[in-house]
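Because the structure is a prediction, the values reported are computed rather than measured.
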Amino acid sequence: MPNKDYYGVLGVSKQASETEIKKAYKKLAMKFHPDKNPGSEIAEARFKEIKQAYEILSNKEKRRQYDQFGHSAFESGGQGGYQGGHQSGFDDIFGSAFRQRGQGFGGSGFGGSSSGGFEDIFSQARSRQARPEKGANKEFTLTVDLIEAIKGTEKEVELPIAGATKRINVKIPAGIRDGEKIRYAGKGEPGTHGGPAGDLLLIVATRPHPYIERENDDLIVTTPIDMVKAALGGEVEVDAFDSRFKLKIPEGTQTGRKFKITGKGVTNRKGNAGDLLVKIQVQVPTNLNDHQKELLRQLSASLAS
């Protein structure tokens with residue numbers, strides 16, 4: 001190869017970094033590789049120039065000698081003694097894909113039957129660009145009544161997915177908790193390049209109930225009683241969804257006291273049942289008449305004595 005400016009061959013400045021030199025070489029090598037230009041002597045010669053320039057400039061010691069002495073550093077008897085045998089730079093970038101049956105860069109080494117390695121690199125690049133990718137998941141909040149969450153139900157909902165409105169029949173499993181998710185595989189956004197669709201995730205939210213609360217799998221039913229029954233004791237009828245039963249109230253029961261009925265709470269998705277807690281709320285009478293007020297005054301006086 002004639003004495004050419006190696007930096008000029010690669011199209012980089014003398015201050016170019018190793019990364020810049022490697023990037024320039026890779027781009028040019030792909031462009032002028034004989035496998036990409038079959039039968040072109042010009043491309044083959046250009047490729048040899050590019051390769052030799054890179055072999056010099058990618059080696060720190062050889063680059064230093066070249067910067068100091070020019071091409072003479074690699075002529076016979078020169079300090080570098082370069083004979084064109086350095087291959088590691090080329091192999092580092094392209095690996096075995098460009099290694100042919102011959103050792104040189106002429107003759108059968110670049111014949112039509114040996115072009116598969118180069119084509120493999122480009123086919124792999126295209127494969128990476130067009131790699132099938134799964135579509136995005138879609139999340140929506142589905143609000144249900146507390147009783148629906150406890151007993152389970154089915155609902156038909158309309159959801160905007162992939163620019164269209166989709167009707168989904170949703171089955172709410174009995175015992176589902178607030179914040180739990182129901183997953184529908186393949187009902188989300190469509191995939192790209194033949195990839196699978198994403199998933200649809202419905203986050204369950206429950207509306208508050210007027211007199212029933214849920215704590216994990218326990219149910220708390222607030223039951224009002226009058227002050228007389230709280231003081232003297234008696235029975236109260238408890239309404240817990242689809243069941244009604246009588247609960248014995250001991251005398252002296254205070255507001256906030258809870259009575260536990262084991263196993264009558266929520267049966268969760270694993271089949272385990274919580275407890276039912278009856279929370280007493282003592283109601284203070286209003287709009288008393290004069291006689292009732294007088295009776296309460298007498299009661300208060302007797303309690304104070």
S.K.: Using a cut-off of 6.0 Å, state whether more than 12 heavy atoms not belonging to K14 lie near its atom NZ.
M.R.: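 Count not over threshold, so no.
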S.K.: Would you call the rings of Y66 and Y6 parallel, tilted or perpendicular, taking 30° and 60° as the class edges?
M.R.: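 Tilted.
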S.K.: Just wondering, more than 12 heavy atoms not from E237 lying within 6.0 Å of its CD?
M.R.: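 Counting neighbours around CD of E237, more than 12 heavy atoms of other residues, nucleotides or ligands fall under 6.0 Å, so yes.
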S.K.: With a cut-off of 3.5 Å and sequence neighbours excluded, list every side-chain donor-acceptor pair involving residues 137-146.
M.R.:
residue : atom : partner : partner atom : Å
N137    : OD1  : D199    : N            : 2.7
E139    : OE2  : K181    : NZ           : 3.2
D145    : OD1  : R207    : NH1          : 2.8

S.K.: Between I220 and V236, is there a shared hydrophobic cluster once you connect ILVMFWY residues whose side-chain heavy atoms come closer than 4.5 Å?
M.R.: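 Different clusters: I220 never reaches V236 through Ile, Leu, Val, Met, Phe, Trp or Tyr contacts under 4.5 Å.
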S.K.: How about NZ on K151, more than 12 heavy atoms from neighbouring residues, nucleotides or ligands closer than 6.0 Å, or not?
M.R.: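 Counting other residues, nucleotides and ligands, NZ of K151 stays at 12 neighbours or fewer.
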S.K.: With a 6.0 Å cut-off on the ring centroids, do Y54 and Y25 count as close?
M.R.: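 Yes, the ring centres sit under 6.0 Å apart.
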S.K.: Under the salt bridge (Lys or Arg N to Asp or Glu O under 4.0 Å) rule, what do K23 and E20 come out as? Steps first, then yes or no, please.
M.R.: CA-CA 5 Å; K23 183 178 180 180; E20 291 172 329; over 6 Å; no
S.K.: Counting heavy atoms not belonging to Q283, are there more than 12 under 6.0 Å from its CD?
M.R.: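 It does: Q283 CD has more than 12 such atoms within range.
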S.K.: Could you give the distance from CG (N59) to CD (Q65), rounded to the nearest 0.5 Å?
M.R.: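 That separation rounds to 8.5 Å.
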S.K.: Hey, are K155 and E148 close enough for a salt bridge, meaning a charged N less than 4.0 Å from a carboxylate O?
M.R.: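 Counted as a salt bridge, because a side-chain N and a carboxylate O are separated by less than 4.0 Å.
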S.K.: Starting at NZ of K27, measure out to NZ of K31 and round the result to the nearest 0.5 Å.
M.R.: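 Between K27 NZ and K31 NZ, I get 7.5 Å after rounding to 0.5 Å.
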S.K.: Kindly compute the distance separating CD1 (I50) from NE2 (H33), expressed to the nearest 0.5 Å.
M.R.: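 Here the interatomic distance stands at 11.0 Å.
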S.K.: Which atom pair, heavy atoms only, marks the closest approach of A230 to V282?
M.R.: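 Looking at all heavy atoms of both residues, the shortest contact is CB-CG2, 3.7 Å.
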S.K.: Would a single hydrophobic cluster contain both V204 and Y184, if residues Ile, Leu, Val, Met, Phe, Trp and Tyr are joined by side-chain heavy-atom contacts under 4.5 Å?
M.R.: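 They do share one cluster, since a chain of ILVMFWY contacts under 4.5 Å joins Y184 to V204.
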S.K.: Just do the side chain to side chain contact (heavy atoms under 4.5 Å, CB included) check on I172 and E154 with the steps written out, would you?
M.R.: CA-CA 6 Å; I172 308 296; E154 288 190 21; over 6 Å; no
S.K.: To the nearest 0.5 Å, what is the distance between CG on L288 and CG on L296?
M.R.: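 The CG atom of L288 sits 6.0 Å away from the CG atom of L296.
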S.K.: Can you find a pair of side-chain heavy atoms, one from V284 and one from T286, that are under 4.5 Å apart?
M.R.: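 Sidechains of T286 and V284: no contact.
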S.K.: Got P285 and M227 here, is their nearest side-chain heavy-atom distance under 4.5 Å?
M.R.: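 Yes, side chains in contact.
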S.K.: May I ask you to test the T165-L159 pair for a side-chain heavy-atom distance under 4.5 Å?
M.R.: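 Result no, sub-4.5 Å side-chain heavy-atom pair not found.
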S.K.: A side-chain contact here means heavy atoms from C-beta on lying under 4.5 Å apart; do K229 and P224 qualify?
M.R.: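 No, side chains not in contact.
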S.K.: Could you pull out the closest heavy-atom pair between I161 and G188, with the gap in Å?
M.R.: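 Where I161 meets G188 most closely, the heavy atoms are CG2-O, 3.6 Å.
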S.K.: Which atoms form the tightest heavy-atom contact between D178 and A205, and what is the distance?
M.R.: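 Between these two residues, the closest heavy atoms are OD1-CA, 3.2 Å.
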S.K.: Quick one: are V9 and D5 in side-chain contact, heavy atoms under 4.5 Å?
M.R.: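 In short, these two side chains do not touch, never coming nearer than 4.5 Å.
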S.K.: Tell me, do N216 and D218 make a side-chain contact under 4.5 Å, heavy atoms counted?
M.R.: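 When only atoms from C-beta onward are counted, D218 and N216 do not touch, as no gap falls below 4.5 Å.
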S.K.: Is there a side chain to side chain contact (heavy atoms under 4.5 Å, CB included) between F245 and L276? Walk through the geometry before answering.
M.R.: CA-CA 12 Å; F245 57 92; L276 175 64; 3.7 Å; yes
S.K.: NZ of K279: more than 12 outside heavy atoms within 6.0 angstrom?
M.R.: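 Result for NZ/K279: open.
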S.K.: Would you kindly confirm whether I150 and Y211 end up in one hydrophobic cluster when ILVMFWY residues are joined by side chain heavy atoms under 4.5 Å apart?
M.R.: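 Result: yes, single cluster for both.
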S.K.: Starting at NZ of K171, measure out to CG of L202 and round the result to the nearest 0.5 Å.
M.R.: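 The NZ atom of K171 sits 15.0 Å away from the CG atom of L202.
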S.K.: Begin with the C-alpha distance, continue with both residues' side-chain angles, and end with the deciding distance and a verdict on side chain to side chain donor-acceptor pair (under 3.5 Å) for D67 and Y7.
M.R.: CA-CA 10 Å; D67 289 343; Y7 292 102; 2.7 Å; yes
S.K.: Could you check whether any side-chain N or O of Q254 sits under 3.5 Å from a backbone N or O of G252, counting only pairs where one atom can act as donor and the other as acceptor?
M.R.: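 It does hold such a pair.
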S.K.: Are side-chain heavy atoms of I280 and F259 found at a separation under 4.5 Å?
M.R.: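 A side-chain contact under 4.5 Å exists here.
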S.K.: How many angstroms lie between atom OG1 of T192 and atom CD of E189, to the nearest 0.5 angstrom?
M.R.: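 Nearest 0.5 Å value for the OG1-CD distance: 11.5 Å.
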S.K.: Using a 6.0 Å cut-off, check whether atom CD of E180 has over 12 heavy atoms from anything other than its own residue.
M.R.: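 Counting other residues, nucleotides and ligands, CD of E180 exceeds 12 neighbours.
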S.K.: If you count the non-hydrogen atoms of other residues, nucleotides and ligands that lie under 6.0 Å from CD1 in I42, is the total more than 12?
M.R.: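 Check fails, neighbour count at 12 or below.
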S.K.: Going by an N to O cut-off under 4.0 Å, is there a salt bridge joining E158 and R167?
M.R.: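 Yes, this pair counts.
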S.K.: Between the side chains of R46 and E49, is the shortest nitrogen-to-carboxylate-oxygen separation below 4.0 Å, so that they form an ion pair?
M.R.: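 Salt bridge: yes.
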S.K.: Is the shortest heavy-atom distance from the side chain of V221 to the side chain of D239 under 4.5 Å?
M.R.: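 No, too far: nothing below the 4.5 Å cut-off.
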S.K.: Below 4.0 angstrom, N of the basic side chain to O of the carboxylate: do R177 and D217 qualify?
M.R.: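 Salt bridge flag = yes for D217 with R177.
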S.K.: Assess whether atom CD of E251 is packed by more than 12 heavy atoms of other residues, nucleotides or ligands within 6.0 Å.
M.R.: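 12 or below, so no.
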S.K.: Please give me the minimum heavy-atom distance between G263 and A273, naming the atom from each residue.
M.R.: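 Shortest heavy-atom separation between G263 and A273 comes out as O-CB, 3.9 Å.
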S.K.: Okay, side chain of S40, backbone of N37: is any donor-acceptor separation there less than 3.5 Å?
M.R.: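 Not confirmed, S40 side chain does not pair with N37 backbone.
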S.K.: Could you go step by step and tell me if L295 and H291 meet the side chain to side chain contact (heavy atoms under 4.5 Å, CB included) rule?
M.R.: CA-CA 6 Å; L295 290 174; H291 177 66; 3.5 Å; yes
S.K.: Are I168 and L201 connected, step by step, through hydrophobic side chains (Ile, Leu, Val, Met, Phe, Trp, Tyr) whose heavy atoms are closer than 4.5 Å?
M.R.: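 Looking at the clustering, L201 is in a separate group from I168.
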S.K.: Grab the two heavy atoms, one from L219 and one from R214, that are nearest each other, plus how far apart they are.
M.R.: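 Taking L219 first and R214 second, the nearest heavy atoms are CD2-CB, 4.1 Å.
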S.K.: If you take all heavy atoms of G175 and V266, which pair is closest and at what distance?
M.R.: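 Shortest heavy-atom separation between G175 and V266 comes out as CA-CG1, 3.8 Å.
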S.K.: Test I147 against T153 for side chain to side chain contact (heavy atoms under 4.5 Å, CB included), laying out the working first.
M.R.: CA-CA 9 Å; I147 296 178; T153 188; over 6 Å; no
